[in-house]
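Given the structure is predicted, the values throughout are model-derived calculations rather than measurements. For this chain, numbers begin at 1 and follow the sequence in order. Every heavy atom of this structure was used, including side-chain atoms; hydrogens, water molecules and symmetry mates were not.
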Amino acid sequence: MKTNLKNLFLLAIILLTPSMVQAASSCSYSEQAELNNIVANVKATYEVVDIYKGKVLDIDSPDENGNIPEVDHYIKGFDITILNITDDIYVKVSNDANSNEKTYYYKDTNNGQVTFRTEETSKLVNYTIEVYSNKYSCAGERFRTIPLITPMYNPYSELAVCQNNSEFYYCQQFISSENISLGDFINQVEKYTEEKQEEQQQEENNKNFIDKLKDFYNNNKLIIYSVGIVIVVAGVATTVILIKKKRSRVL
């Protein structure tokens with residue numbers, strides 16, 4: 001039994017040894033610390049942009065002579081920006097939508113910033129941005145991985161019901177989760193609309209109650225003031241009487 005445990009222990013060491021060697025950096029601790037500070041500053045963001053796609057015929061807006069005009073056509077897309085790339089590092093960018101992989105060095109950037117554009121808005125896209133060392137004996141080693149997910153365009157946002165419910169999640173132009181079926185959308189937006197109407201009605205009732213209080217106050221100021229004065233005077237008189245009685249008892 002002891003021999004078996006010993007063999008298993010030795011086997012575990014053999015299996016773990018390659019990954020431990022692979023994880024170790026060939027740079028010194030001070031060099032690793034320097035590189036870690038550099039890669040910590042690397043940021044990745046995205047921005048929704050309008051991408052020009054040329055001219056199209058606007059069949060819904062003919063002129064008075066029946067001529068169909070041409071208009072500029074745009075589609076939605078994303079500009080993805082990576083910031084703070086230096087000479088000491090480089091980045092590799094890949095995603096799960098295609099097999100493309102791009103590598104950016106400082107020379108490929110504009111003062112450490114690189115931006116690339118994508119027209120993929122029909123689904124969520126997971127980008128993987130890997131940051132590598134470009135100096136010392138650990139050049140080529142990966143020091144950090146930055147995930148970035150671009151949202152997907154939501155076609156339900158174009159429906160008429162969403163015009164007055166733009167704050168509803170599934171009425172937003174872009175969403176960060178997989179979309180739901182049309183049937184589920186209708187059920188949820190109806191529920192949301194009902195709850196919204198109930199909240200608005202409650203707010204209106206509260207507002208009406210406050211307005212009624214204000215109207216009552218404005219219409220009865222004199223009476224309210226008079227009653228207030230009477231209460232104050234009565235309170236003062238009562239206090240004086242109690243003090244006098246207390247003093248007479250002491251005497």
Side-chain angles (χ1 to χ4, degrees), residues 19-55 72-158 162 166-180:
S19 63
M20 291 169 65
V21 172
Q22 186 177 5
S25 174
S26 57
C27 277
S28 67
Y29 288 121
S30 61
E31 290 169 342
Q32 291 180 59
E34 177 190 339
L35 288 167
N36 281 326
N37 286 333
I38 294 170
V39 303
N41 290 322
V42 178
K43 309 295 181 185
T45 63
Y46 69 85
E47 178 186 12
V48 179
V49 293
D50 292 319
I51 302 174
Y52 180 69
K53 301 298 288 184
K55 297 283 188 179
D72 293 331
H73 175 55
Y74 294 87
I75 64 171
K76 294 294 183 182
F78 300 107
D79 275 354
I80 298 175
T81 300
I82 305 173
L83 303 165
N84 301 325
I85 300 173
T86 72
D87 263 331
D88 302 322
I89 58 174
Y90 63 93
V91 298
K92 288 184 179 180
V93 183
S94 59
N95 65 77
D96 63 354
N98 54 53
S99 58
N100 296 339
E101 182 179 88
K102 296 181 180 179
T103 301
Y104 298 99
Y105 292 86
Y106 181 77
K107 61 184 176 65
D108 303 316
T109 72
N110 180 16
N111 293 323
Q113 175 177 315
V114 63
T115 299
F116 59 92
R117 179 164 290 182
T118 175
E119 298 179 4
E120 179 56 78
T121 59
S122 62
K123 60 182 179 181
L124 301 176
V125 178
N126 293 273
Y127 287 87
T128 301
I129 301 164
E130 298 175 305
V131 188
Y132 291 82
S133 167
N134 196 35
K135 65 185 300 189
Y136 299 134
S137 59
C138 54
E141 288 184 11
R142 185 178 60 194
F143 270 68
R144 186 184 176 197
T145 299
I146 304 171
L148 179 71
I149 302 176
T150 52
M152 63 180 291
Y153 180 75
N154 175 25
Y156 298 148
S157 63
E158 298 180 10
C162 283
S166 58
E167 68 281 1
F168 177 55
Y169 178 75
Y170 287 107
C171 278
Q172 296 176 15
Q173 191 173 42
F174 287 92
I175 57 176
S176 298
S177 63
E178 295 296 337
N179 221 327
I180 56 179

What residues form a side chain to side chain donor-acceptor pair (under 3.5 Å) with [X], not counting sequence neighbours?
| X | result |
| --- | --- |
| Asn84 | none |
| Asp50 | Lys76 |
| Ser99 | none |
| Lys53 | Glu119 |

Given side chain to side chain donor-acceptor pair (under 3.5 Å), test Glu120 with Ser122 step by step and report yes or no. CA-CA 6 Å; Glu120 179 56 78; Ser122 62; 2.5 Å; yes
Of all the heavy-atom pairs spanning [X] and [Y], show the shortest one and how long it is.
| X | Y | value |
| --- | --- | --- |
| Ser133 | Leu35 | OG-CD1, 3.5 Å |
| Val131 | Val91 | CG2-CG1, 4.0 Å |
| Ile146 | Ala44 | CG2-CB, 4.3 Å |
| Tyr169 | Ser176 | OH-N, 3.1 Å |
| Ser25 | Cys138 | OG-CB, 3.6 Å |
| Asn100 | Asn98 | N-OD1, 2.9 Å |

What distance separates [X] [atom1] from [Y] [atom2], expressed to the nearest 0.5 Å?
| X | Y | atom1 | atom2 | answer |
| --- | --- | --- | --- | --- |
| Gln173 | Cys162 | CD | SG | 11.0 Å |
| Thr145 | Ile129 | OG1 | CD1 | 10.0 Å |
| Asn126 | Thr150 | CG | OG1 | 8.0 Å |
| Ile85 | Asp108 | CD1 | CG | 8.5 Å |
| Asn154 | Ile180 | CG | CD1 | 8.5 Å |
| Ile51 | Ile75 | CD1 | CD1 | 5.0 Å |

Hey, does the side chain of [X] reach the backbone of [Y] with a donor-acceptor pair shorter than 3.5 angstrom?
| X | Y | value |
| --- | --- | --- |
| Gln32 | Cys27 | yes |
| Ser94 | Glu101 | no |
| Ser26 | Ser137 | yes |

Test of understanding: with salt bridge (charged side-chain N to carboxylate O under 4.0 Å, His left out), list the residues that count as partners of Asp72, not counting sequence neighbours.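 Scan of Asp72 (salt bridge (charged side-chain N to carboxylate O under 4.0 Å, His left out), adjacent residues dropped) gives Lys55.
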Could you work out, with salt bridge (charged side-chain N to carboxylate O under 4.0 Å, His left out) as the rule, every residue matching Glu178, not counting sequence neighbours? none
Which is it for Val93 and Thr128 under the side-chain contact (heavy atoms from CB on, under 4.5 Å) test, yes or no, and what are the steps along the way? CA-CA 6 Å; Val93 183; Thr128 301; over 6 Å; no
With salt bridge (charged side-chain N to carboxylate O under 4.0 Å, His left out) as the rule and sequence neighbours excluded, what pairs involving residues 88-97 come up? Asp88-Lys135
Inter- and intrachain pairs under salt bridge (charged side-chain N to carboxylate O under 4.0 Å, His left out), touching residues 138-158, at least two apart: Glu130-Arg142
Sub-6.0 Å ring centroid separation between Tyr156 and Tyr170: no
For Tyr52, look at atom OH and say whether over 12 heavy atoms of other residues, nucleotides or ligands are found less than 6.0 Å away.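 Counting neighbours around OH of Tyr52, more than 12 heavy atoms of other residues, nucleotides or ligands fall under 6.0 Å, so yes.
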Side chains of Pro155 and Asn179, heavy atoms from C-beta outward: is any pair under 4.5 Å? yes
Is there a side-chain contact between Val42 and Ile82, using heavy atoms and a 4.5 Å cut-off?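 Result yes, sub-4.5 Å side-chain heavy-atom pair found.
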Not counting sequence neighbours, which residues clear side chain to side chain contact (heavy atoms under 4.5 Å, CB included) with Ala97? List them please.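 Listed in chain order: Asn95, Lys123, Val125.
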Partners meeting ring-ring contact (aromatic ring centres under 6.0 Å, His included) with Phe174 (sequence neighbours left out): Phe78, Tyr153
With sequence neighbours left out, write down each residue that passes ring-ring contact (aromatic ring centres under 6.0 Å, His included) with Tyr136, or none if nothing qualifies. none
Applying side chain to side chain donor-acceptor pair (under 3.5 Å), run through Thr81 and Thr115 and close with a yes or a no. CA-CA 4 Å; Thr81 300; Thr115 299; 2.9 Å; yes
Please determine which of Val114, Thr86, Leu83 meets the side chain to side chain contact (heavy atoms under 4.5 Å, CB included) test together with Thr109. Val114
Take Asn134 and Asp87, measure what side chain to side chain donor-acceptor pair (under 3.5 Å) needs, and give me the verdict at the end. CA-CA 7 Å; Asn134 196 35; Asp87 263 331; 5.6 Å; no
May I have all residue pairs that pass ring pair (Phe, Tyr, Trp, His ring centres under 6.0 Å) and include part of residues 83-107, sequence neighbours excluded?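 Matches after skipping sequence neighbours: Tyr90-Tyr105, Tyr90-Tyr132.
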Assess whether side-chain contact (heavy atoms from CB on, under 4.5 Å) is satisfied between Tyr127 and Ile80, documenting all intermediate values. CA-CA 10 Å; Tyr127 287 87; Ile80 298 175; 3.4 Å; yes
